[in-house]
Amino acid sequence: MKIIKTVDSMTVSFPAERDQTSGYKCLGKSSLLATVISVLFLSGGSSSLMASGLTQTQSIADSKPNVLLITVDGLGNGDISARGAPFKTPNIDKLSSNGVVLNRFYGASQSSGTLAAMMTARDPHELGISYAEFYPWSPGALAPSEFLLSESLKAAGYQTALVGKWQLGSQTQRHHPNSRGFDYFFGHLNGQVDYFNHSSARGIDLQENGQSLGHSYDNVFGPRLISAASVNWLNQLSREDSAPFFLQVSFKAPRAPLQAPEDLVKKIQAENPELSRERLIYGAMVNAVDQGVGQIISTLKSQGRLDNTLVVFLSTSGADLENGASSGDLRGGKLSGYEGGIRNLAILSGPGLPKGVSSDQVISAVDLYPTINEATGTRNGAPQAKARLQDGASVWKSLKEGRVVPHSEIYLAAEGEKGVGNDFNFSIIKGDYKVVRHVTRSYQGIEIKNELFYLASDPGETRDLATEQPKVLESLLSGFVGWRKKHMWTGNHYEPVPLPGWVAPTDWALRMQQREKTASGEVGDNVFGFIGGNSLTSLDRIIYKKTEMGTIIYE
């Protein structure tokens, strides 16, 4: 359901209290309630925030690079001003001019899959995160046995924090970010959260380290809240501690619902009176994210940390075309197998990288984990059994040296733009060639259509070469058949509404704690995220591997 909403703006800042148990300063609830009064955010497009004045010491300068990972959801390739957007995004544009723009970064067509691939270096299909994202009523979660990027960096001595949305499942405490390598978590468990009352499926979904914040921040616009909490965490890093940090800032914006403060909407309207109301609100949401990026970068700069920080900025899904986004010159959008659905905006900047350049290196979301490991000089750290299953490969050297090296085939799946549960898109990418495979299921049977594109000269996918180059098509499909045999029609699917009988919790933080008390104690490693052990192994061997139940085999 589309919700279009604007309200008057409210600003927020965070003095903090030290958490004596962890050594980190937290945004204690009592102090939060008392401090939603001072001005932190400016309405101008270019933000600047003076932090607490940390001076860069020699020990910090000599430490491993910090990592700032900023993700947004549903930001189209045509939705920053550097690529022709009508609304201004000066801070994101500045990241582009100070780093490397990844022209061919591929993620899943929805957020949960991209986040899972990024955090595990594994094909999300192998994790049971198949075609759509985790919804509040989804039973699954990213299995606790997976070794995440956050755990890898924490093991290397990094201070770790996640501010924003988690969206990788919220069944029990073992799925909670604080159990997955993050020392600190402020934000939402779900991705479908109201921007002003911070609820998901009518249940409050705003917390700090597992403790609900209730209605403390009602009417504080989500991107502003997430940006403020991020700045607050950076300001409270110990001045004496030279340990590097890993901060993941996961904005839910600018994905639906369309909601923004009226002051931002009016600002975009004054600059672009010709835009539709929908596009104006979307632009306001993008502008709020851009301001937040500016605040965070300015904080790092004033602290003397920016020069030693690897900054990664990316969208976790394609353009949300039904809610004001634009794919620019690319075809399709979110839930599509075309480039507009899977070729996502991505920028890297930091020590060792050239500035103001773009790269045509093919990169998958699974490559970020090993790339960050190499960039920071840290080791993977995953148990050998898990490391063998990882699909990603570092592209750090090619980005530093401005080279393009061959990439293995990339297989992606989406549940399609046409229907719910019946129209699937598969993308097969090898070098400059790409196949978009449409699979439509109905009571009459399954219809399959293949399109072949040469992206080097046709990134907009306007010319289907399937009949002109059948051998190329056959070659790309041959590898896909083997990959497809290993992946069932299972995992999470597009579920815009819950099944009858599903009851939403009143508070998501409390729900997770309650479920933990009754959950199975088995080691979790399957598509539901918390049931495992010998029984599951036997079931997989007997049913799935022998009969290939649930698998479509293409002859």
Side-chain angles (χ1 to χ4, degrees), residues 69-85 89 91-109 114 117-118 286 293 310-319 325-334 336-350 352-368 370-372 375 392-412 427-436 453-463:
L69 171 59
I70 303 175
T71 67
V72 296
D73 190 353
L75 183 67
N77 269 274
D79 287 331
I80 61 173
S81 48
R83 292 192 173 181
T89 56
N91 296 298
I92 298 174
D93 293 349
K94 192 171 183 179
L95 284 181
S96 302
S97 61
N98 285 334
V100 181
V101 177
L102 308 181
N103 291 333
R104 296 194 64 189
F105 174 82
Y106 291 99
S109 188
T114 301
M118 180 178 70
V286 175
V293 170
L310 174 68
V311 181
V312 183
F313 176 90
L314 62 94
S315 180
T316 55
S317 72
S326 168
S327 293
D329 296 330
L330 301 181
R331 181 177 177 180
K334 189 168 184 174
S336 163
Y338 294 112
E339 294 290 275
I342 59 174
R343 185 193 286 205
N344 298 339
L345 272 170
I347 305 165
L348 264 68
S349 68
L353 289 172
K355 296 183 178 181
V357 300
S358 62
S359 172
D360 290 326
Q361 173 67 53
V362 174
I363 303 173
S364 168
V366 299
D367 300 321
L368 282 179
T371 299
I372 290 174
S394 174
V395 293
W396 180 246
K397 288 184 179 178
S398 66
L399 295 179
K400 284 181 62 177
E401 298 170 4
R403 297 183 295 114
V404 175
V405 299
H407 194 284
S408 59
E409 292 91 341
I410 297 176
Y411 303 113
L412 298 169
S427 300
I428 308 161
I429 303 162
K430 185 174 183 180
D432 289 327
Y433 280 100
K434 177 187 174 185
V435 172
V436 177
F453 302 103
Y454 186 64
L455 299 175
S457 59
D458 184 24
E461 297 168 295
T462 61
R463 184 182 178 188

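Worth knowing before you read on, the calculation uses all heavy atoms, side chains too, and leaves out hydrogens, waters and symmetry mates.
What you find for Ala319 and Ala325 is that their closest heavy atoms are CB-CB, 3.8 Å. Pairing each heavy atom of Asn344 with each of Ala108, the nearest pair is ND2-O, 4.0 Å.
Ring geometry for Tyr454 against Tyr433 counts as tilted: the plane angle lies between 30° and 60°, on a 0 to 90° scale.
Using a 4.5 Å heavy-atom threshold, the side chains of Arg343 and Tyr338 count as separate. Proximity of Ile92 to Arg83: side-chain heavy atoms (C-beta onward) are nowhere separated by under 4.5 Å. Side-chain contact between Leu399 and Ile363 is present, with at least one heavy-atom pair separated by less than 4.5 Å. Proximity of Lys334 to Asp73: side-chain heavy atoms (C-beta onward) are separated by under 4.5 Å at one or more points. Side chains of Phe105 and Leu348 form no contact here, defined as non-hydrogen atoms less than 4.5 Å apart. With contacts defined as side-chain heavy-atom distances shorter than 4.5 Å, the pair Met118/Val366 does not qualify. Contact annotation: the side chain of Glu461 approaches that of Lys434 to within less than 4.5 Å [non-hydrogen atoms, C-beta and beyond]. Counting heavy atoms from C-beta on, the side chains of Val395 and Val362 never come closer than 4.5 Å.
A donor-acceptor pair under 3.5 Å is absent between the side-chain atoms of Asn77 and the main chain of Ser327, judged by distance alone. No side-chain donor-acceptor contact under 3.5 Å links Ser97 to the backbone of Gly356. Without hydrogens or angle criteria, Asp329 side chain to Gly460 main chain gives no donor-acceptor distance under 3.5 Å. Of the possible donor and acceptor atoms, one in the side chain of Gln361 sits under 3.5 Å from a partner among the backbone N and O of Val405.
Applying side-chain contact (heavy atoms from CB on, under 4.5 Å) to Thr316 and the options Leu75, Thr71, Val72 leaves one that passes, Thr71.
Using modelled atom types, one finds no donor on one side chain facing an acceptor on the other under 3.5 Å when comparing Asp367 with Thr371. Side-chain N/O atoms of Asn98 and Ser349 include no donor and acceptor closer than 3.5 Å.
Atom CG of residue Leu368 and atom OG of residue Ser394 lie 10.0 Å apart, to the nearest 0.5 angstrom.
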Item to check | Step-by-step side chain to side chain contact (heavy atoms under 4.5 Å, CB included) determination, Trp396 to Leu353 | outcome: CA-CA 9 Å; Trp396 180 246; Leu353 289 172; 3.6 Å; yes
